[in-house]
Amino acid sequence: MAEIPTQIKAWTYSEYGKSSDVLKFDPAVPTPEVKDDQVLIKVAAASINPIDYKRLAGFFKDTDSPLPTAPGYDVAGVVVKVGSEVKKFKVGDEVYGDINREALNHPKVIGSLAEYTAAEEKLLSHKPQNLSFVEAASLPLTIETAYEGLERAGFSAGKSILVLGGAGGVGTHLAKHVFGASKVAATSSTGKLELLRNLGADLAIDYTVENFEDLPEKFDVVYDTVGLLEKAFKAVKEGGKVVNIVPPSTNENAIFFILTSDGAVLDKLKPYLESGKVKPVLDPKSPFPFSQTVEAFSYLETGRVTGKVVISIE
């Protein structure tokens with residue numbers, strides 16, 4: 001194992017604003033310290049999520065970590081150092097996870113858009129062997145969010161679900177292949193309908209052509225990932241549940257939550273990933289090289305991605 005450097009390369013920002021203005025390459029960031037319950041990861045790949053550019057823009061600066069900071073929640077890489085209390089991992093293990101336990105509450109100063117990052121062992125899982133680092137990095141935040149939402153809604157085999165903003169893909173997948181949904185419907189723009197069908201959606205609804213809330217069919221659960229709460233309530237069966245992950249939640253009858261990262265969820269989903277029942281969904285432009293991190297952010301910010309934007313650090 002190569003020696004761990006004292007300084008690493010990372011993308012950081014020292015002020016809030018648009019990613020193309022404030023995100024800068026820093027070749028000499030101090031390597032993160034490793035606490036007793038943490039491991040140090042040599043990052044192979046990181047994926048970015050809308051929360052990354054919202055954080056950059058200062059959406060939750062009151063609870064953010066101090067600047068300058070390197071963004072990035074999702075990571076896949078190799079353990080190069082373990083804290084004294086760590087039992088689940090050893091040096092050399094291939095791991096992945098969402099490194100920030102509470103998404104909006106003091107995320108790590110050195111996130112996953114760096115050569116090395118430190119994370120608590122309970123946030124991480126062993127990487128499924130059939131997945132590349134790029135594929136694994138695409139999963140944690142979205143798959144854990146989808147899983148937690150379905151769990152909170154009491155979703156179970158034989159129930160129907162409508163996913164609003166389904167082209168991210170993972171919610172559709174999990175509902176069908178992990179929870180045993182009787183019917184999965186999802187909304188997207190015209191160009192993403194085929195992707196939805198490939199992910200297991202029984203009904204792919206083009207929101208540019210039809211209003212999902214006017215469909216005669218109603219659903220046991222509506223999972224709103226885009227912020228259309230009032231319409232969501234028109235599409236749910238009487239006694240059904242609406243799950244919402246877009247703040248502010250304007251209806252107290254909705255099940256609103258912000259993800260708490262948990263490696264145990266990834267452990268639980270490992271058999272589904274290894275069997276290929278649940279698959280990562282990468283945007284065709286992924287992976288971006290580390291040097292093109294700003295371009296990756298700009299692309300994610302267009303809202304026209306189909307699947308995850310992943311950055312390869314190796």
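Judged by distance alone, the side chain of Glu121 and the main-chain N or O of Lys87 form a donor-acceptor pair under 3.5 Å. Panel note: side chain Gln292, backbone Pro289; no donor-acceptor pair is recorded below 3.5 Å. Side-chain N or O atoms of Glu274 include one that pairs as donor or acceptor with a backbone N or O of Gln129 at under 3.5 Å. Of the possible polar contacts, none joining the Thr208 side chain to the Ser189 backbone as a donor-acceptor pair under 3.5 Å is found. Using a distance-only test at 3.5 Å, with no hydrogens or angles considered, a donor-acceptor pair links the side chain of Glu115 to the main chain of Lys9. Between the side chain of His177 and the main chain of Tyr272, no donor-acceptor pair closer than 3.5 Å is present. Between the Asn49 side chain and the Ile51 main chain, no donor and acceptor come within less than 3.5 Å of each other.
Contact check for Tyr223 versus Leu164: no side-chain heavy atoms found under the 4.5 Å cut-off. Counting heavy atoms from C-beta on, the side chains of Ile41 and Val95 come closer than 4.5 Å. A 4.5 Å side-chain heavy-atom check between Leu266 and Ile143 finds at least one atom pair inside the cut-off. Inter-residue side-chain proximity for Thr145 and Phe257 is flagged as met; some heavy-atom pair is nearer than 4.5 Å. Taking 4.5 Å as the limit, some side-chain heavy atom of Leu113 sits within range of a side-chain heavy atom of Ile311. A heavy-atom distance below 4.5 Å is found between the side chains of Val134 and Leu282. Contact annotation: the side chain of Leu174 approaches that of Val278 to within less than 4.5 Å [non-hydrogen atoms, C-beta and beyond]. At least one side-chain heavy atom of Phe256 sits under 4.5 Å from a side-chain heavy atom of Pro247.
Note that the OG atom of Ser261 and the CD1 atom of Ile99 stand 9.0 Å from one another [nearest 0.5 Å]. In this structure, NZ in Lys231 is found 6.0 Å from CZ in Phe212, a value given to the nearest 0.5 Å. The distance from the OG1 atom of Thr306 to the CG atom of Asp283 is 4.0 Å, given to the nearest 0.5 Å. Note that the CG atom of Asn211 and the CG atom of Leu228 stand 10.5 Å from one another [nearest 0.5 Å]. With rounding to the nearest 0.5 Å, the separation of CD in Glu295 from OG1 in Thr293 is 8.0 Å. Leu139 CG to Leu273 CG: the interatomic distance, rounded to the nearest 0.5 Å, is 6.0 Å.
Taking every heavy atom of both residues into account, Ser138 and Asp74 meet most closely at O-OD2, 4.5 Å. Shortest non-hydrogen contact noted between Lys127 and Ser132 is CD-O, 4.1 Å. Closest heavy-atom contact between Gly165 and Thr225: O-OG1, 3.5 Å. The two residues Val294 and Ser19 come nearest to each other via the heavy atoms CG1-O, 4.5 Å. Taking all atoms of both residues into account, the shortest heavy-atom contact from Val310 to Ala45 is CG1-CB, 4.2 Å. Across all their heavy atoms, Lys237 and Lys218 have their closest contact at CE-O, 3.5 Å.
Applying the ring pair (Phe, Tyr, Trp, His ring centres under 6.0 Å) test to every pair with at least one member in residues 295-314, sequence neighbours left out, gives no pairs at all. Among residue pairs with one or both ends in residues 19-49, those qualifying as ring pair (Phe, Tyr, Trp, His ring centres under 6.0 Å) are Trp11-Phe25; sequence neighbours excluded. Applying the side chain to side chain donor-acceptor pair (under 3.5 Å) definition to pairs two or more places apart or across chains, those involving residues 36-46 are Asp36-Ser84, Gln38-Glu120. Within the structure, no pair that satisfies the ring pair (Phe, Tyr, Trp, His ring centres under 6.0 Å) test touches residues 39-64, not counting sequence neighbours. The list of ring pair (Phe, Tyr, Trp, His ring centres under 6.0 Å) pairs with a residue in residues 101-133, not counting sequence neighbours, reads Phe89-His126.
Grouping the Ile, Leu, Val, Met, Phe, Trp and Tyr side chains by contacts below 4.5 angstrom, directly or via other members, places Tyr73 apart from Leu131. Residues Leu203 and Val226 fall within the same hydrophobic cluster, defined by Ile, Leu, Val, Met, Phe, Trp and Tyr side chains chained together at heavy-atom separations under 4.5 Å. Grouping the Ile, Leu, Val, Met, Phe, Trp and Tyr side chains by contacts below 4.5 angstrom, directly or via other members, places Leu215 apart from Val184. When the side chains of ILVMFWY residues are joined at heavy-atom separations under 4.5 Å, either directly or via intervening members, Val305 and Leu23 end up in a single hydrophobic cluster. Hydrophobic clustering (side-chain heavy atoms under 4.5 Å, transitive across Ile, Leu, Val, Met, Phe, Trp, Tyr) groups Leu56 together with Phe290.
Using a 3.5 Å distance cut-off with no hydrogens or angles, the side chains of Ser65 and Arg55 do pair a donor with an acceptor. For the 3.5 Å distance criterion, the side chains of Lys241 and Asn253 fail to qualify, holding no donor opposite an acceptor. Neither side chain, Thr117 nor Ser112, offers a donor N or O lying under 3.5 Å from an acceptor on the other. With hydrogens and angles left out, the side-chain atoms of Ser47 and Lys308 include a donor and acceptor closer than 3.5 Å. Under 3.5 Å, the side chains of Thr63 and Asn105 contain no donor-acceptor pair of N or O atoms. In the model, Thr260 has no side-chain atom that pairs as donor or acceptor with a side-chain atom of Glu102 under 3.5 Å.
Checked against salt bridge (charged side-chain N to carboxylate O under 4.0 Å, His left out), Asp93 has the following partners two or more places apart in sequence or in another chain: Lys90. Residues satisfying the ring-ring contact (aromatic ring centres under 6.0 Å, His included) test with Tyr147, not counting sequence neighbours, are Phe179. Under the rule for a salt bridge (charged side-chain N to carboxylate O under 4.0 Å, His left out), Glu85 has no partner lying at least two apart in sequence or in another chain. Residues meeting the salt bridge (charged side-chain N to carboxylate O under 4.0 Å, His left out) test with Glu217, sequence neighbours left out: Lys183. Every residue meeting the salt bridge (charged side-chain N to carboxylate O under 4.0 Å, His left out) condition with Lys88, not counting sequence neighbours, appears here in chain and number order: Asp267.
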**Asked** Would Glu213 and Lys234 satisfy salt bridge (charged side-chain N to carboxylate O under 4.0 Å, His left out), going step by step from the backbone distance to the final call?
**Response** CA-CA 5 Å; Glu213 70 275 20; Lys234 291 179 184 160; 5.7 Å; no
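At most 12 heavy atoms of other shown residues, nucleotides or ligands fall within 6.0 angstrom of atom CZ in Arg304. Within 6.0 Å of the NZ atom in Lys270, the count of heavy atoms belonging to other residues, nucleotides or ligands exceeds 12.
Within the hydrophobic cluster formed by Ile, Leu, Val, Met, Phe, Trp and Tyr side chains joined at under 4.5 Å, directly or through other members, Tyr207 stands alone, with no partner residue.
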Name the atoms and distances for all side-chain donor-acceptor pairs under 3.5 Å in residues 155-162, with sequence neighbours left out.
from	atom 1	to	atom 2	distance (Å)
Lys159	NZ	Gly154	O	3.0
Ser160	OG	Asp220	N	3.1
Ser160	OG	Asp220	OD2	3.3

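The pair Arg152-Glu148 meets the salt-bridge criterion, since a charged nitrogen lies less than 4.0 angstrom from a carboxylate oxygen. For Arg101 and Asp262, the salt-bridge test fails: no basic side-chain N is under 4.0 Å from an acidic carboxylate O.
Aromatic ring pairs are classed by plane angle as parallel below 30°, tilted from 30° to 60° and perpendicular above 60°; the pair Tyr16 and Tyr13 is tilted.
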